[in-house]
Amino acid sequence: MKPSNKASFQRVINATKYSLKGLKSAYINEAALRQEIWLSCITIPLGFFLGQTPVEKILLVGSILLILITELLNSAIESVVDRIGSEFHELSGRAKDIASAAVFMSILLAGMTWLLICFF
């Protein structure tokens, strides 16, 4: 039997609630995310101010949002790995290190974007 159409307004409301619950949980439990959110409160308005064209503005702001997105994914991976067990395992360490490297790469991208747009 084919399931009923799940694309209802209630589903959107529920998905939004779950997303906000996830943001709250990450903010409470992840110091790095808190720091990045507070920094983004400065850099996002600054990006809108410093960008001369719509493309520059979206690059400046988007690069900051990418850091937050990557940090959220990193936090999710760390939570899942920690849920599995607290004993050391090479693959668990590798997963956490790779997720951390993704955050680092997003920070590098944002830094390069800001430098190139603001100073060149």
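Given the structure is predicted, the values throughout are model-derived calculations rather than measurements.
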Check whether any side-chain heavy atom of [X] sits under 4.5 Å from a side-chain heavy atom of [Y], and report yes or no.
X      : Y     : answer
Thr16  : Ile13 : no
Val103 : Glu36 : yes
Leu60  : Thr43 : no

In terms of heavy-atom contacts, does CZ of Phe48 have more than 12 from other residues, nucleotides or ligands at under 6.0 Å? no
Might you confirm whether atom CD of Glu90 has over 12 heavy atoms from other residues, nucleotides or ligands at distances under 6.0 Å? no
Quick one, Leu68 with Glu71, criterion side chain to side chain contact (heavy atoms under 4.5 Å, CB included). Give me CA distance, side-chain angles, the key distance, then yes/no. CA-CA 5 Å; Leu68 298 175; Glu71 186 63 54; 5.7 Å; no
How many angstroms lie between [atom1] in [X] and [atom2] in [Y], if you round to the nearest 0.5 Å?
X      : Y     : atom1 : atom2 : result
Leu65  : Thr70 : CG    : OG1   : 10.5 Å
Lys24  : Asn29 : NZ    : CG    : 11.0 Å
Ile69  : Asn74 : CD1   : CG    : 13.5 Å
Cys118 : Leu46 : SG    : CG    : 7.0 Å

Taking all non-hydrogen atoms of both residues, which atom of [X] and which atom of [Y] are closest, and how far apart?
X      : Y      : answer
Gly51  : Lys57  : O-CE, 3.0 Å
Phe120 : Leu115 : CD1-O, 3.5 Å
Ala99  : Ile77  : CB-CD1, 3.9 Å

State plainly whether one hydrophobic cluster holds both [X] and [Y], where clusters connect Ile, Leu, Val, Met, Phe, Trp and Tyr through side-chain heavy atoms under 4.5 angstrom apart.
X      : Y      : result
Val61  : Val55  : yes
Leu66  : Met105 : no
Leu116 : Phe119 : yes
Ile117 : Phe49  : yes
Ile44  : Leu33  : yes

Would Leu72 and Leu23 count as a side chain to side chain contact (heavy atoms under 4.5 Å, CB included) if you check the C-alpha gap in whole Å, the side-chain angles of each, and the deciding distance to 0.1 Å? CA-CA 8 Å; Leu72 286 167; Leu23 281 171; 3.8 Å; yes
Intermediate values then yes/no, side chain to side chain contact (heavy atoms under 4.5 Å, CB included), Ile67 and Leu109: CA-CA 9 Å; Ile67 293 172; Leu109 175 64; over 6 Å; no
Main chain of [Y], side chain of [X]: is a donor-acceptor contact present, judged purely on distance under 3.5 Å?
X      : Y     : result
Ser40  : Ile37 : yes
Ser25  : Lys21 : no
Ser100 : Lys96 : no

